[in-house]
Amino acid sequence: MSKPDKKKPSAEPEIMEKLVALSKQRGFVFQSSEIYGGLKSCYDYGPLGTELKRNVKAEWWRAMVTTREDIVGIDASIIMHPNVWRASGHLATFSDPMVDCKDCKERGRSDKWPKAEKGAEVEYKVVVDHQSGKKETRKGAVGDLAIVCPNCGSPNLSDIRRFNLMFRTSLGSIDPLETISRRLEGKALSGEELRKVLADAIDETAVYLRPETAQAMFTNFLNVQQAMRMKIPFGIAQQGKSFRNEITVEHFTFRSCEFEQMEMEFFCHPPEFKPEGEKSDMEWFEYWSNARLAWYSNLGIRKEKLRLRPHAADELSHYAKGCNDVEYDYPWGWGELEGIAHRSDYDLKQHEKHSGKKLTYFDPQANKHYHPYVIEPAAGADRAALAFLIDAYTEEPPPPGTNEGRTVLKLHPRLSPIKVAVFPLVKKEGMPESARKIVGEFSKSGIKAVYDEKDAIGRRYRRQDECGTPYCITVDGQTAQDGSVTIRERDSMKQDRIQVADAVKVVQNRLAE
RNA sequence: GCGGGUAUAGCUCAAUGGUAGAGCGCUAGCCUUCCAAGCUAGCUAUGAGGGUUCGAUUCCCUCUACCCGCUCCA
């Protein structure tokens with residue numbers, strides 16, 4: 001088991017700056033609400049970014065649902081019953097009283113920290129120089145919370161804070177503020193009493209934006225299984241927005257408060273009910289780990305920039321039997337693209353406990369009811385789109401004899417926002433008309449094509465290179481004579497002559513490769 | 001959350017206590033027959049708020065956002 005090694009000297013620290021600039025210039029990603037000064041961690045996808053992300057999601061759906069008999073999809077609501085989050089455990093940490101040590105920066109639950117007598121003098125050691133690890137002995141008095149830091153023993157602590165990992169809102173037309181002001185009218189309450197009144201009033205209508213899409217696959221487990229007559233092993237897949245009030249956000253769109261997930265819950269036999277010849281839960285775990293890793297490399301991410309990192313035992317949740325992260329070597333170091341978790345039967349049992357409804361699968365072969373095990377590949381659509389973008393970003397030096405290099409996004413053609421650009425070599429002799437007709441043919445076939453006649457032909461090629469457009473078709477003098485055009489491939493810059501009549505078919509075939 | 005840095009045109013950068021420039025880009029036109037050619041004309045900017053000042057993009061304060069490092073990440 002390898003430990004995460006997040007830190008590494010960045011080989012190209014400036015690549016992100018260039019990519020952010022290109023993203024804005026070419027319309028991949030903009031900062032949200034930019035004219036108002038921006039909003040922390042929020043980004044908007046522009047026209048090309050939207051196409052890219054849609055293509056990423058479409059490829060995922062194709063690989064996970066369309067081409068598989070054993071997986072079906074759902075599209076659940078973002079707001080779910082609050083008890084879903086009690087069952088999943090998200091609401092517990094949400095309301096836990098958290099406290100920070102001001103000396104060693106340890107953070108934890110105040111009700112779990114060592115008790116100490118209020119006002120008592122204590123002695124503790126603090127690391128004063130992180131490089132040498134030099135410590136200094138200090139003294140202090142225990143404060144009102146009557147606890148000390150479990151790490152360094154310091155009584156120098158922050159106030160209690162409750163971290164809102166989930167976005168809370170209220171469902172219903174009555175504003176909780178109305179309820180609160182009514183209940184508080186004419187009352188003089190202590191801080192603790194006041195808090196209770198507020199918490200109760202808010203709780204009555206409180207709902208939360210989902211922090212993950214996974215729970216809807218568990219709550220709908222039997223609905224889906226019965227409606228679609230699914231037999232174990234089978235999976236339920238979903239794509240959609242999730243929301244987390246992250247403590248920190250970083251690295252462009254890599255970690256943000258609003259993000260899109262692509263998750264699949266694969267229900268398989270627990271060991272005691274596994275028939276002969278069927279994959280075991282651990283074999284499915286390996287299968288999905290490898291399948292998900294391969295998905296990224298098949299869509300063009302360089303193999304040496306991808307790895308599967310097994311979680312160390314102390315990183316795992318208590319119920320998990322394993323977790324592999326698919327990681328990408330971002331410009332700032334290795335970071336998570338996707339997590340494949342072996343969740344045992346924890347989630348279904350939790351929901352069974354909290355809802356009081358049976359969530360067992362009836363296995364007609366074994367003639368038994370049981371809770372299936374679950375393997376969960378959970379990917380981030382925004383992270384995937386970002387990784388594809390970073391990996392595709394290439395700066396080529398000027399070829400011998402010239403002085404202009406080129407910037408090219410070597411995206412997999414199926415991920416490219418624009419598939420084909422069609423140019424008239426010059427703006428005369430009917431070439432623009434022919435070119436526009438070709439664009440029309442592509443549009444009719446559902447292939448995103450654009451027309452461009454501005455500037456010299458070389459410049460138009462370079463513009464498309466920056467957008468990641470894999471194919472450029474040019475109408476020239478020969479077109480009028482024999483009905484042929486050139487098709488130029490983005491990465492090799494090689495040109496073939498093809499018939500106009502075959503153009504759509506040729507591109508379709510190349511996209512299918 | 002802590003520390004450091006940054007904020008000028010669509011992008012990359014310059015300059016200035018007194019009319020804010022360039023390159024690329026973009027728009028229109030001319031020219032142009034295959035890999036960022038040329039000519040002409042045009043468009044576009046000092047993150048937000050406050051203070052000092054006759055006058056602030058420039059000095060000061062606050063806020064916001066972004067970047068780097070630490071911290072955190074159910």
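To find a chain, count down the sequence lines: A is the first, B the second, and so on, and within it residues start at 1.
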**Student:** Expressed as a whole number of Å, how far does the C1' atom of B/G18 sit from that of B/U57?
**Tutor:**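 Comparing C1' positions in B/G18 and B/U57 gives a spacing of 12 Å.
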**Student:** Nearest whole Å is fine: how far is B/C35 C1' from A/Arg490 CZ?
**Tutor:**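 The distance from CZ of A/Arg490 to C1' of B/C35 comes to 16 Å, rounded to the nearest Å.
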**Student:** Paired with B/C2 by Watson-Crick or G-U wobble geometry, both distances under 3.5 Å: which nucleotide is it?
**Tutor:** B/G69
**Student:** In terms of side-chain heavy atoms of A/Ala21, which of B/U12, B/A37, B/A36 is nearest?
**Tutor:**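 Of the candidates, B/U12 comes closest.
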**Student:** According to salt bridge (charged side-chain N to carboxylate O under 4.0 Å, His left out), who are the partners of A/Lys419, at least two apart in sequence or on a separate chain?
**Tutor:**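 Salt bridge (charged side-chain N to carboxylate O under 4.0 Å, His left out) list for A/Lys419, sorted by chain: empty.
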**Student:** Tell me the interatomic distance from A/Leu39, atom CG, to B/A48, atom P, rounded to whole angstroms.
**Tutor:** 17 Å
**Student:** Test your reading of the model: is there a side-chain donor-acceptor pair from A/Ser434 to the backbone of A/Gly430, 3.5 Å cut-off?
**Tutor:**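 It does hold such a pair.
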**Student:** Using the closest heavy atom to pick a nucleotide of RNA chain B for each, name whichever of A/Thr407 or A/Gly38 lands nearer the 5' end.
**Tutor:**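 Of the two residues, A/Thr407 wins.
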**Student:** Can you check the A/Asp455 CG to B/C34 C1' distance for me, whole Å?
**Tutor:** 14 Å
**Student:** Counting only side-chain heavy atoms from C-beta out, which of B/A37, B/C26, B/U33 sits nearest to A/Ala456?
**Tutor:**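 Nucleotide nearest to A/Ala456's side chain: B/A37.
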**Student:** Assign A/Phe423 to base, sugar-phosphate, or nothing according to its heavy-atom contacts below 4.0 angstrom with the strands shown.
**Tutor:** nothing
**Student:** Under 4.0 Å, heavy atoms only, any strand: does A/Thr479 hit a base, just the sugar-phosphate, or nothing?
**Tutor:** nothing
**Student:** On the side chain of A/Gln464, is there an atom forming a donor-acceptor pair with the base of B/A36 - under 3.5 Å, no angle test?
**Tutor:**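 Answer no: no donor N or O sits under 3.5 Å from an acceptor.
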**Student:** Return the nearest nucleotide to the side chain of A/Lys454; candidates are B/A28, B/C34, B/C26.
**Tutor:**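 Nucleotide nearest to A/Lys454's side chain: B/A28.
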**Student:** Have a look at A/Glu396 and say if it touches a base, only the backbone sugar-phosphate, or nothing, with a 4.0 Å heavy-atom cut-off.
**Tutor:** nothing
**Student:** Does B/U8 pair with anything, Watson-Crick or G-U wobble, both distances under 3.5 Å, and if so, with which nucleotide?
**Tutor:** none
**Student:** Determine the interatomic distance between P on B/A45 and the same-named atom on B/U8; round to the nearest Å.
**Tutor:** 13 Å
**Student:** Is A/Arg406 touching bases, backbone alone, or none of the nucleic acid, heavy atoms closer than 4.0 Å?
**Tutor:** nothing
**Student:** Starting from C1' on B/A65, measure out to CZ on A/Phe252 and report it in whole angstrom.
**Tutor:** 14 Å
**Student:** Nearest whole angstrom, please: distance from the P of B/C66 to the CG of A/Asp44.
**Tutor:** 13 Å
**Student:** Counting side-chain heavy atoms from CB outward, which of B/A65, B/C26, B/U33 is closest to A/Gln31?
**Tutor:**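 Nucleotide nearest to A/Gln31's side chain: B/A65.
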**Student:** Please measure how far the P atom in B/C54 lies from the corresponding atom in B/C11, and state the result in whole Å.
**Tutor:** 37 Å
**Student:** For residues A/Trp288 and A/Phe266, establish whether the separation of their ring centroids is below 6.0 Å.
**Tutor:** yes
**Student:** Roughly how many Å is it from CH2 in A/Trp332 to P in B/C73, rounded to a whole number?
**Tutor:**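 From A/Trp332 CH2 to B/C73 P: 19 Å.
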**Student:** For nucleotides B/U71 and B/G3, find the distance between their C1' atoms and express it as a whole number of Å.
**Tutor:**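 11 Å, rounded to whole Å.
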**Student:** Among the candidates B/C35, B/C34, B/C11, find the nucleotide nearest to the side-chain atoms of A/Gln25.
**Tutor:** B/C11
**Student:** Within the structure shown, what part of the strands sits under 4.0 Å from A/Arg463 by heavy-atom distance: base, sugar-phosphate, or nothing?
**Tutor:**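 Sugar-phosphate contact only.
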**Student:** Identify which nucleotide among B/C34, B/U32, B/G10 has an atom closest to any side-chain atom of A/Lys24, counting heavy atoms from C-beta outward.
**Tutor:**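 Nearest to the side chain of A/Lys24 among the choices is B/G10.
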**Student:** State, with a plain yes or no, whether a side-chain heavy atom of A/Phe267 is found less than 4.5 Å away from one of A/Phe221.
**Tutor:**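 Heavy-atom side-chain distance check passes, below 4.5 Å.
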**Student:** Any luck finding a side-chain donor-acceptor pair between A/His342 and A/Glu376 under 3.5 Å?
**Tutor:**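 No, no side-chain donor-acceptor contact under 3.5 Å.
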**Student:** Work out how far the P atom of B/A9 is from that of B/U44, and round it to whole angstrom.
**Tutor:** 14 Å
**Student:** Looking only at heavy atoms, which two atoms of A/Phe243 and A/Phe259 are closest? And how far apart?
**Tutor:** N-CE2, 4.1 Å
**Student:** Nearest-Å distance, CD1 (A/Ile35) to C1' (B/A65)?
**Tutor:** 15 Å
**Student:** What integer number of Å spans the C1' atoms of B/U16 and B/G10?
**Tutor:** 24 Å
**Student:** In terms of side-chain heavy atoms of A/Lys428, which of B/U33, B/A36, B/C11 is nearest?
**Tutor:** B/U33
**Student:** Considering only B/C67, B/U33, B/C35, which nucleotide approaches the side chain of A/Val426 most closely?
**Tutor:**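 Nearest to the side-chain atoms of A/Val426, counting from C-beta on, is B/U33.
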**Student:** Give A/Ser88 one of three labels, base, sugar-phosphate or nothing, depending on what nucleic acid heavy atoms sit under 4.0 Å from its own.
**Tutor:** nothing
**Student:** Please state how far atom NZ in A/Lys427 lies from atom C1' in B/U32, giving the value in whole angstrom units.
**Tutor:**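 Going from A/Lys427 (NZ) to B/U32 (C1'), I get 10 Å.
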**Student:** Would you measure the distance from the C1' atom in B/G47 across to the matching atom in B/U6 and give it in whole Å?
**Tutor:**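 Result for the C1' pair: 12 Å, nearest Å.
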**Student:** Pairing check on B/C26: which nucleotide meets the Watson-Crick or G-U wobble criteria with it, both distances under 3.5 Å?
**Tutor:** B/G42
**Student:** With a 3.5 Å cut-off and heavy atoms only, can you find an N or O donor on one side and an acceptor on the other between the side chain of A/Arg488 and the base of B/C35?
**Tutor:**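 Yes, a donor-acceptor pair under 3.5 Å.
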**Student:** I'd like the C1' distance from B/U19 over to B/G51, given in whole Å.
**Tutor:** 26 Å
**Student:** Can you name the salt bridge (charged side-chain N to carboxylate O under 4.0 Å, His left out) partners of A/Arg510, sequence neighbours left out?
**Tutor:** A/Asp496
**Student:** Calculate, to the nearest 0.5 Å, the distance between atoms CE and CZ belonging to A/Met493 and A/Arg406 respectively.
**Tutor:** 4.0 Å
**Student:** Nearest nucleotide by nearest heavy atom, which residue falls closer to the 5' end of RNA chain B, A/Arg255 or A/Gly477?
**Tutor:**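 Nearest-nucleotide comparison on RNA chain B picks A/Gly477.
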